[in-house]
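Scroll down for the structure; my scribbles are underneath it.
Quick caveat: nothing in here was measured; it's all calculated off a predicted structure. One-based numbering, in listed order, for ligands and for the atoms of each.
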Amino acid sequence: MKRHKIAWLPGDGIGGEVLEAARIVLDKLNLNAEYIDGDIGWEFWRKEGDPFPQRTIDLLKGVDAAMFGAITSKPVKAAESELSPELKGKGLIYRSPIVRMRQLFDLYICFRPCKAYEGNPLNYKENIDLAVFRENTEDLYAGVEFNTVPDELAKTLSKLSKPFAPFQSLSPDQYAISVKINTRKSSERIVRAAFEFAKKFRRKKVTVVHKANVVRATDGMFLEVAREVAKEYPDIQLDDANIDAMCMWLLKNPYNYDVLVAPNLYGDIISDLCAQMVGGLGFGCSGNIGDKLAVFEPTHGSAPKYAGQYKVNPIATILAAKMMLEWLGETEKAEVLEKAVKEVVKEGKVRTYDMGGQSKTLDMAHAVAAKL
Ligand code: NAI
Ligand code: MG
């Protein structure tokens, strides 16, 4: 096997702690890899005015995969106030580096497997095994937003014949607009990714999550595209549900669902719900996958209140490392690693605070490593 080049991006808060844990496990697996540290996060926003510096972008252009911890994000005004004095007033605007990374590298698939490992006291029900595919580059996250609505746009909107009402008589600084943009191309490729996964792992059903009855243009198109793609997979059942109903049905009977696919925002929501059913943020792992690059991360954030305490659960990040091994073609190592996680969870001797125990982040990593 070749030597893999992996960008290592700890980021902020607990990001570095959970990545340290993942590295203990990868080293025990003897993964033939070169790890290259990259700068990302709040510190670089404050000092340099950019939380995702060009040198990190360049680093990502030359690697096979990346592991990412977490970053701290703050609203625009709070972010500006923390800039170092010489950068203030220059009109720098904070944008989440992970959202930017997904768009810049066209990491269009966000894959979030949610499995209930036996013996996890946090399981909502046993044997849940859901796979969420979330579109990762557009939708309401496209970044087309107006805090103050430009005059021309305001004029156009005020002329619309439909009775959209209150805002049409407001001055442009009294409302804001975030645009939901979905393309056929991205809708098609995320649905195809879900079906390809279902085909490869003999899963029976793909459920499209949307709100097409109300958000007709964008979600209507997403659903239409999904129906077209589904025709190419006659052995896999296509199902669809509104996002709101889906949240209820998932809780009522998670066993009715298998693979889920959704535009960006609904995918974000539904994947947190699914993660909570299998142990919460300490278990939610995520892959941002494109054609050339894939970046793996826990779904949780930087958890500032626990930063520096080595207290949080690293399993989400260890499972993200397992996903990275699959992406790198190291399927045997990925299987061995998942088996080790299963054993540790089942034994229940090492448990972090979220699981009701007192073990620390690195205790968990060493417990997993000991099974490898
Ligand atoms: P968070 O996910 O960082 O933490 C929320 C709470 O979840 C924590 O206080 C803790 O109780 C629990 N938690 C998180 N990770 C855990 C783990 N591994 N084990 C056990 N418990 C865990 O979300 P929060 O507090 O809303 O955001 C904190 C910062 O992180 C914000 O600046 C936010 O913007 C950022 N964020 C970054 C993300 C990313 O880097 N992809 C994703 C989500 C939030
Ligand atoms: Mg989220």
Side-chain angles (χ1 to χ4, degrees), residues 7-22 25 38-46 51-52 56 66-79 81-82 94-103 105 107 110-112 114 117 120-122 134 136-137 141 264-265 267-269 271-273 275-276 278-288 294-321 323 341 344-345 350-365 367-368:
W8 200 255
L9 313 173
D12 302 313
I14 59 167
E17 297 165 35
V18 289
L19 276 204
E20 196 179 327
V25 169
D39 296 337
I40 195 164
W42 199 249
E43 190 190 331
F44 304 98
W45 162 253
R46 286 174 51 189
F52 189 32
T56 309
M67 282 293 291
F68 165 66
I71 40 97
T72 296
S73 286
K74 294 187 188 176
V76 175
K77 281 188 183 144
S81 76
E82 287 195 34
Y94 183 87
R95 277 199 66 201
S96 160
I98 183 70
V99 174
R100 235 175 100 205
M101 192 192 303
R102 288 166 181 157
Q103 289 171 349
F105 289 91
L107 307 175
C110 180
F111 173 38
R112 294 181 164 176
C114 298
Y117 292 109
N120 183 354
L122 300 170
R134 160 189 174 193
N136 219 15
T137 57
Y141 295 48
N264 209 336
L265 175 62
D268 197 3
I269 295 169
S271 59
D272 270 19
L273 177 56
Q276 188 57 42
V278 300
L281 289 170
F283 287 82
C285 55
S286 180
N288 303 283
V295 179
F296 299 89
E297 55 164 332
T299 58
H300 62 71
S302 59
K305 74 174 178 194
Y306 293 125
Q309 296 181 35
Y310 282 90
K311 194 178 160 167
V312 298
N313 192 346
I315 288 184
T317 314
I318 291 172
L319 290 173
M323 294 175 75
V341 169
V344 170
V345 172
V350 179
R351 283 181 173 170
T352 41
Y353 85 92
D354 54 317
M355 300 173 77
Q358 304 203 326
S359 305
K360 300 285 232 167
T361 306
L362 301 187
D363 297 336
M364 184 64 94
V368 173

- Residue part near ligand 1, for K74, under 4.0 Å between non-hydrogen atoms: neither
- ligand 1 atoms in contact with E297 (distance to a heavy atom under 4.0 Å): 41 (N)
- Note on the structure: One finds that the ligand 1 atoms under 4.0 Å from a non-hydrogen atom of D354 are 20 (C)
- Message: Check this for me: does any side-chain nitrogen of one of R102 and E297 sit under 4.0 Å from a carboxylate oxygen of the other?
- Response: yes
- Could you tell me whether N313 and ligand 1 have an N or O pair separated by under 3.5 Å? yes
- Note on the structure: Per-atom filter on ligand 1: closer than 4.0 angstrom to a heavy atom of Y306 are 9 (O), 10 (C), 11 (O)
- Would K311 count as a cation-pi partner of Y353, with NZ or CZ less than 6.0 Å from the six-membered ring centre and within 45° of the ring normal? yes
- Item | V345 and its side chain to side chain contact (heavy atoms under 4.5 Å, CB included) partner, picked from V368, V350, I315 | I315
- Item | ligand 1 contact on P304 by region, counting heavy-atom pairs under 4.0 Å | side chain
- Would one find an N or O of G282, backbone or side chain, under 3.5 Å from an N or O of ligand 1? no
- Query: Should we say atom CD of Q358 is surrounded by more than 12 heavy atoms from elsewhere, each under 6.0 Å from it?
  - Reply: no
- Message: Using the rule given for side chain to side chain contact (heavy atoms under 4.5 Å, CB included), can you reason through N288 versus F296, listing the C-alpha separation, both sets of side-chain angles and the distance that settles it, and then say yes or no?
- Response: CA-CA 6 Å; N288 303 283; F296 299 89; over 6 Å; no
- Message: Heavy-atom contact check, 4.0 Å cutoff: does I315 meet ligand 1?
- Response: no
- Task: Identify the heavy atoms of S302 and T72 that sit nearest to each other, and give their distance.
- Result: OG-OG1, 2.7 Å
- side chain to side chain contact (heavy atoms under 4.5 Å, CB included) with P97: which of D39, I71, T56, L9? I71
- Query: Side chain, backbone, both or neither: which part of T72 comes within less than 4.0 Å of ligand 1 when only heavy atoms are counted?
  - Reply: both
- Find all atoms of ligand 1 within a distance of less than 4.0 Å from any non-hydrogen atom belonging to Y353, and give their numbers and elements. 10 (C), 11 (O), 12 (C), 20 (C), 21 (N), 22 (C)
- Out of V18, D12, V312, who gets a non-hydrogen atom closest to atom 17 (C) of ligand 1? V312
- Message: For ligand 1, which is the ligand I care about here, please tell me if G301 has any N or O atom under 3.5 Å from one of the ligand's N or O atoms.
- Response: yes
- Message: Angle between ring planes, W45 versus Y94, binned at 30° and 60°: parallel, tilted or perpendicular?
- Response: perpendicular
- Can you find a side-chain donor-acceptor pair between D268 and Y141 that sits under 3.5 Å? yes
- Numbering as shown, the atoms of ligand 1 that approach A70 to under 4.0 Å (heavy-atom distance): 40 (O)
- Query: Does any N or O atom in T299 lie less than 3.5 angstrom from one in ligand 1, N or O only?
  - Reply: no
